[in-house]
Amino acid sequence: MHGRKKVKASAQEVESSRRKARNYRTVNEHVLKLRAAGDTSPATLEVLKKVLLANSDSYTLWNYRRELEANEELELTAACLRKNPKSYPTWFHREWAVRRMGAEVARKELSLCAELLNVDERNFHCWNYRRVMSELVGEDAADFAREKLESNFSNYSAFHELAASLPQKLDADRARQELDLVAQAIFTDPDDQSAWWYAECILSRTDDGAVLRAQADALRDLRELEPKAKWPAIALLRVLARLSDRWTPEMIELHALLIDMDPAHARMYGAVPINNNNYN
Amino acid sequence: MEFADDDSSSRRFDAVVVGTGLVESMLAAALARAGERVLHVDAHDYYGNDMAGFATLEQVRRWAEDDPPLFAEDHRDENAVLLRHEEVRVVHSQTGSLPIGRRLNVDLDARLVLASGEAVDALVALGVAHYLEFAAVGSLWFEDQKVPCSKKDVFTSADLSPAEKRKLMRVMRRALDAFEDDAGTLNERELTGSRALRRPQNKRLDETLVDDARRFVDVLRDDFGLAVAAARVVCAAAFVDPASPATEGWHGLHTHLRALGAHAGTQTALLAPIYGTAEFPQALCRACAVRGGVYALRRAPSALAVEDGKVVAAIFPDGARIPVAKAVVAADYLLTASGERAYRRVAIVESSDVEPAAIVYEGNVRCVVLGESANAVDTPTLRLVHLSSDSLEAIRDVAAKRDDATLWSLEVSFPVHPPPRDLPSNLAVCRRLPWTPRFDLTPEVDHAKALFERLRPGESLVPPPEETPDSPRDDRRDDDDDDLADLATRVATLQEAPITPSNLRQRDDDAAPDLTMPTPTDDNQQEQGEEQRPNDIIPPEGAPGDIADLQDAAAAVAASGDRQ
């Protein structure tokens, strides 16, 4: 508004401007009170729109609007997830909203996830969402995964979380530590596939011969207790294959046993790769 | 007697129940449920007999010091069963520094229930489930070792080696499958079982586990390779004596494991009544009274008149004669004492141990630790420690071993009753059962069931649940169905013209149907004022940012301000 001549306002205009200011103050004060009281109703959003059109120079009001809009997204997605907890787009939308709101909100989301995972500990949507939230917060997701595994280790998502938090190459100590967790699980319930999957993952990240041999011994112990269980036999065969460059009698025996127990997968058992490097 | 009828030929009561202990009260509630008119009396001035509870130590002291009343035996005649009151001995009491007016729930007995099973079924069938509230028992121990009850416990146990875990899990699986007849219940299998558990071959009744010749510990050791210590823990989980026959052990373990997971988030299958064990008999008496039972404390007949091998009347000390068709009597009132006794010790101790907790001690001692969460004490640092056993020495050994900081304690000895003989056929005698390792009420429930069938042949204390045909599933109807229908109608009015950018702009100018949701109005909210305000001040549509807009908004704010 440059280059315009300043005109003195008429008395009427001054009066009108004062009235507008009075009204603005009344409404502004009211809106601030609503904000202080934590009001998040959509109607307030409408009011804010009017006030901002009257005076757009208030950071406070714009901030309040941001809060309200973000809150609206959170409320809507929460309501949707309550009805349909496995909706991909809803989880993604909520993630988008939280990303715009920052770590403060993400921290709250972590406790919400904990609640949801109490209800359904295997909702992988929630696990995926939680991983993003813990990244935003800067928290180690592995601790939570271990906690959930303690209450029920039949949980691929939690094992995945754990695996994702580990480096691609594990030193012998770390591998032993994780294989100890595996041992607790596979001895408790050798029919539960989730721990076997995690065992595979850990073994694939170590080349330590001593670790592999110790695992083979543990599996032999388990096979002694559960000679008819399928997973210990498969796992032992795979570990032995990595330790040997040829089919040993023990492996051949396991192979025959597996084909006998599970003929549908005969070819898969025949395809166990034999290792070419010898671990000593 | 005020409840004596003037005309004794017209019977006012079908049954007299003497004593308000657990079994008597179950029978009173069941008889009243069957439509009988019940007169329920107790010589004491409190309910529950040996399952009574007291709110202050002063009340406990009065209970311990005042001799229970004995009855004048002036009705000696051949055709009567004489009643008196058996002595309950206070063996030892220690009063310490505890203020006597503390708000407490000191029970003479501390019992728990399994979250599902016989006892719960009986409480539900007798209509007392809604009188009772429970706290989940946080842990079950054998001595100082936590008893692993679930797959989770086994997995996380630091006391067990992997091989032991496998062996223990095999025992638990076997017990779960052993008597499996109903795979549809929400139990441990449903919660943590893997698919392997649902294999058809695991469904059949396992005859190989029925073994009365061998002890449970031996079977666990020989057939399942458990070390003696681990086998002993399994016995604690089965609530059986290690020396009991294998069948009994499997059955105990099975009922325990079946009850696990009945309530989400519980660590054990045991529940503690949160207002004390005395709530059980009291709730049952209430259920009986609701169905017309008449109650009198400090009253008990001194004899039951018998004709032709049947009880025909209750004779009270003042001579009143109340005709009845059947009688239930607590064995405490009968002259049939045996040498055997049951012992209990209750102590108030300073401790912050986990509570409620159940502990099994070597040498046949049951221990229940209660605290604030079961309303036993009013301070977080106090615990009520209940010990019970068939041996006073064993109790004292455990008390010495626990070495609690004891503020107050009481040791009591109760008579145990052998099965009575040569009784009138319409008389049920409720015995105090010998001590068992069971924390829950199953032995008493079984006893009450047998007595009820004696009094009402062909009927059951816990009738099988009525077959209800599967109700068709409710129409899945969401709250927002109406909103969606409303929107659809509005959209339908828009369908005349195709939606293109140009006519969208046009539509803005026209008075197009409003697709926004109407703001829900809730009459209740109107009264809350503060929360309601934003709705009130939505300005009418118009040129936004206009002074008129603000004016309206300001007026609305002012108006809502006036209203407060």
Side-chain angles (χ1 to χ4, degrees), chain A residues 16-17 19-31 33-34 37 39-56 79 83 118-119 149-154 180-195 218 221-222 224-226 229-230, chain B residues 148 150-158 160-170 172-173 191-197 199 225 264-265 267 478-480 516-517 519 530-539 542-558 560-561:
Chain A
S16 156
S17 163
R19 208 170 57 226
K20 185 168 179 177
R22 251 198 326 273
N23 283 340
Y24 173 77
R25 275 197 299 275
T26 313
V27 178
N28 187 48
E29 212 175 284
H30 173 71
V31 170
K33 266 191 219 158
L34 287 178
D39 183 278
T40 55
S41 59
T44 312
L45 212 56
E46 280 299 307
V47 175
L48 263 181
K49 189 167 153 191
K50 310 276 181 194
V51 188
L52 280 166
L53 279 165
N55 172 26
S56 46
K83 282 179 65 181
N118 251 350
V119 179
L149 283 172
E150 277 199 3
S151 66
N152 182 5
F153 65 81
S154 184
D180 184 57
L181 175 74
V182 167
Q184 308 306 319
I186 61 179
F187 275 81
T188 302
D189 187 357
D191 289 333
D192 195 308
Q193 211 178 328
S194 53
D221 288 347
L222 181 54
E224 216 164 274
L225 290 165
E226 293 294 333
K230 183 176 108 176
Chain B
S150 58
K151 184 166 141 180
K152 173 199 165 216
D153 286 352
V154 174
F155 172 59
T156 53
S157 168
L160 300 164
S161 72
E164 281 177 314
K165 290 186 178 190
R166 180 80 292 264
K167 290 170 183 169
L168 200 56
M169 280 301 290
R170 282 166 72 176
M172 287 166 67
R173 286 271 163 95
L191 291 174
T192 61
S194 71
R195 260 175 306 173
L197 280 179
R199 287 177 191 151
Q267 305 297 310
D478 290 326
D479 299 340
D480 47 13
T516 53
M517 287 294 181
T519 315
E530 194 69 37
E531 288 86 353
Q532 184 57 22
R533 276 207 233 160
N535 284 342
D536 293 342
I537 63 164
I538 299 174
D546 196 3
I547 187 163
D549 244 5
L550 273 177
Q551 219 162 7
D552 290 339
V557 170
S560 67

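Because only heavy atoms are used, hydrogens play no part in the values below, and waters and symmetry mates are left out as well, while side chains stay in.
Listed by chain and number, the residues in a side-chain contact (heavy atoms from CB on, under 4.5 Å) with B:Lys167 are A:Leu225, B:Leu226 (sequence neighbours excluded). Residues satisfying the side-chain contact (heavy atoms from CB on, under 4.5 Å) criterion with B:Thr156, sequence neighbours excluded, are A:Glu150.
Between A:Ser154 atom OG and B:Lys152 atom NZ the span is 15.0 Å, to the nearest 0.5 Å.
For the set A:Glu29, A:Gln184, A:Lys49, A:Glu224, the entry with the most heavy-atom pairs within less than 4.5 Å of chain B is A:Gln184.
Residues B:Arg166 and A:Asp189 come closest through the heavy atom pair NH2-CA, 4.2 Å. Nearest heavy atoms, B:Phe155 versus A:Thr188: CA-OG1, 3.6 Å.
A salt bridge links A:Asp192 and B:Lys151; the closest N-O separation between the charged side-chain nitrogens and carboxylate oxygens is under 4.0 Å.
With a 4.5 Å cut-off on non-hydrogen atoms, A:Leu222 touches chain B through its side chain but not through its backbone.
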